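These notes are about the structure you will find just below.
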Amino acid sequence: MDRALELGINFFDTADVYGNGLSEQRLGRVLGSRRKDVVVATKVGWFRGTAEHYFQPLHIRHQLEQSLANLRTDYVDIYYFHHTEFGPWRDEAVEVMRRLKEEGKVRFIGQSGYEVDPLCEMIEVLDPDVIQSRAHIMDTRMIESGSRLAKMMLERDIGFVAFSPMAQGLLLNKFRPEKPPSFGAGDNRSGSNWFTAEFLARLAPVMDRVEQRFGGGLEDLLRVSLQYLLGHPAVSCVIPGFRSVNQVELDLAPAGKPLDKDDLAWIRGQFKDLKMD
């Protein structure tokens, strides 16, 4: 994180449930006096504790106060509802989130989710400032110009934050059909059809052509993955993960190296039969 800050990263995304608070705690400890120089986003919705529901209003307040303590701050720049499963608490949850913004504890309201229609519905109800969802070359249903969600975001000037921009490593050509990966218990890639020999056999020749056009280094493939998303008008930023200084530096290598229209069109054509929608 120190290296990321040195290199100009000014946006960190976390959640109360990541490491059961440990992610927020570490981020708060590292930022220290630099808190004012960055945008911090966190979320509520997957840790229920003793509450009846994740989005019970009192629970949202409790979780925000705990997140503020963990982050060593008195406000969160973006506070997300972590999903769209509100149960009977939607209207009350929306109201308490607006109150938290009025109180200055939340600067911008966010909505995270995984499907287009529920996110569009929440835009109508919540009018969020930011949407966060998965997006990568093989899953652009949220951000394509013809998407209902993309249209709503552009009309309302809502930012879109893209997670999983490298498709969990698939777009870095890390996995090959002749040796499909095996993941441990608890890894959300375990059992996914995306990592089977059958899917990887379809992906491999496409990735080989990508390497021929753009280069086969990690920096080259990261540039293709990240800049392809940033080439969409709906996308405000991407949030690749990192576990080491080397990964931070690799994530930043594509900065300032956008893809031109011909490159974007070529990539779109290569992956058109590999959509994960």
Side-chain angles (χ1 to χ4, degrees), residues 1-2 4-5 9-87 89-114 118-119 122 125-134 158-164 186 188 236-243 248:
M1 284 189 279
D2 277 328
L5 289 161
I9 289 296
N10 63 355
F11 179 44
F12 290 88
D13 179 271
T14 185
D16 58 356
V17 75
Y18 297 166
N20 290 324
L22 186 59
S23 174
E24 291 178 333
Q25 294 162 23
R26 287 180 171 172
L27 180 57
R29 185 167 64 249
V30 171
L31 289 178
S33 62
R34 297 174 290 190
R35 166 68 183 95
K36 64 183 183 301
D37 300 324
V38 301
V39 174
V40 173
T42 192
K43 311 176 190 75
V44 60
W46 285 120
F47 175 78
R48 192 178 69 188
T50 60
E52 179 182 343
H53 190 275
Y54 308 104
F55 293 140
Q56 189 173 355
L58 184 59
H59 179 67
I60 294 172
R61 281 194 173 273
H62 284 167
Q63 285 305 105
L64 177 60
E65 292 297 337
Q66 186 62 64
S67 290
L68 293 176
N70 289 344
L71 291 164
R72 304 186 185 191
T73 185
D74 57 2
Y75 69 97
V76 171
D77 294 288
I78 303 172
Y79 200 39
Y80 289 99
F81 288 122
H82 208 156
H83 55 82
T84 56
E85 302 297 324
F86 285 86
W89 295 102
R90 189 187 70 181
D91 293 343
E92 290 88 343
V94 168
E95 179 60 26
V96 76
M97 186 68 87
R98 288 173 177 161
R99 291 287 179 88
L100 292 170
K101 185 175 181 180
E102 291 171 2
E103 293 166 16
K105 294 182 177 182
V106 172
R107 294 185 64 214
F108 299 101
I109 296 172
Q111 177 68 62
S112 184
Y114 311 96
L119 286 171
M122 285 309 299
V125 174
L126 178 64
D127 192 25
D129 301 294
V130 184
I131 293 288
Q132 183 181 133
S133 193
R134 184 182 72 186
I158 298 172
F160 183 87
V161 176
F163 69 75
S164 195
N188 62 17
S236 302
C237 70
V238 292
I239 46 174
F242 59 88
R243 294 183 180 180
V248 169

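Fair warning: this is a prediction, and the values are worked out from it, not measured in the lab. Just the heavy atoms: all of them, side chains too, but no hydrogens, waters or symmetry mates, feed the values below.
Residue pairs that meet the side-chain hydrogen bond (donor to acceptor under 3.5 Å, both in side chains) test with at least one member in residues 45-57, sequence neighbours left out, do not exist here.
Taking all atoms of both residues into account, the shortest heavy-atom contact from Ser236 to Gly159 is OG-CA, 3.2 Å. Among all heavy-atom pairs drawn from Ile9 and Leu5, the shortest one is O-CD2, 3.8 Å. Closest approach of Ser133 to Tyr114, counting heavy atoms only: OG-CA, 3.9 Å. Residues Phe55 and Trp89 come closest through the heavy atom pair O-CB, 3.6 Å.
Considering only residues two or more places apart in sequence or on other chains, Glu102 meets the side-chain hydrogen bond (donor to acceptor under 3.5 Å, both in side chains) condition with none of them. Under the rule for a side chain to side chain contact (heavy atoms under 4.5 Å, CB included), the partners of Val130 that lie at least two apart in sequence or sit in another chain are Ile78, Tyr80, Val161. Residues that satisfy the salt bridge (charged side-chain N to carboxylate O under 4.0 Å, His left out) test with Asp91, not counting sequence neighbours, are absent from this structure. Judged as a side-chain hydrogen bond (donor to acceptor under 3.5 Å, both in side chains), and not counting sequence neighbours, the contacts of Thr42 are Glu24. Listed by chain and number, the residues in a side-chain hydrogen bond (donor to acceptor under 3.5 Å, both in side chains) with Arg98 amount to none (sequence neighbours excluded). Partners of Phe160 by ring-ring contact (aromatic ring centres under 6.0 Å, His included), not counting sequence neighbours: none found. For Glu65, the side chain to side chain contact (heavy atoms under 4.5 Å, CB included) criterion is met by Leu68, Lys105, not counting sequence neighbours. With sequence neighbours left out, the salt bridge (charged side-chain N to carboxylate O under 4.0 Å, His left out) criterion links Glu92 to no other residue. In this structure, the side chain to side chain contact (heavy atoms under 4.5 Å, CB included) partners of Arg61, at least two apart in sequence or on a different chain, are Val96, Arg99, Leu100, Glu103. Listed by chain and residue number, Arg35 satisfy the side-chain hydrogen bond (donor to acceptor under 3.5 Å, both in side chains) test with Thr73 (two or more places apart in sequence, or in another chain).
With contacts defined as side-chain heavy-atom distances shorter than 4.5 Å, the pair Arg90/Leu126 does not qualify. Contact check for Phe12 versus Val39: no side-chain heavy atoms found under the 4.5 Å cut-off. In this structure the side chain of Phe108 never reaches within 4.5 angstrom of the side chain of Val76, judged on heavy atoms. A heavy-atom distance below 4.5 Å is found between the side chains of Tyr79 and Leu64. Between Asp13 and Gln132, some side-chain heavy-atom pair lies under the 4.5 Å cut-off. The closest side-chain heavy-atom distance from Phe11 to Cys237 is below 4.5 Å.
Checked against Val30 for a side chain to side chain contact (heavy atoms under 4.5 Å, CB included), the options Met1, Gln25, Arg72 give a single hit: Met1.
Summarising the geometry, atom CD1 belonging to Ile60 is positioned 11.0 Å from atom CD belonging to Glu95; distances are rounded to the nearest 0.5 Å. Within the model, atoms CD1 of Ile158 and CG of Leu119 stand 10.0 Å from one another, a figure rounded to the nearest 0.5 Å. For the atom pair Leu71 CG and Arg29 CZ, the distance stands at 11.5 Å (nearest 0.5 Å).
A side-chain donor-acceptor contact under 3.5 Å links His59 to the backbone of Phe47. Put simply, the side chain of Asp77 gets close to the backbone of Val40: a donor and an acceptor are under 3.5 Å apart. Gln111 contributes a side-chain N or O that, together with a main-chain N or O of His83, makes up a donor-acceptor pair within less than 3.5 Å.
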Acceptor/donor pairs from residues 14-22 side chains to any protein atom, 3.5 angstrom cut, sequence neighbours excluded:
residue: Thr14; atom: OG1; partner: Ser23; partner atom: OG; Å: 2.7
residue: Asp16; atom: OD2; partner: Gln63; partner atom: NE2; Å: 2.9
residue: Tyr18; atom: OH; partner: Lys43; partner atom: NZ; Å: 3.3

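Under 4.0 Å is where a charged nitrogen must lie from a carboxylate oxygen, and between Asp2 and Arg34 at least one such pair does.
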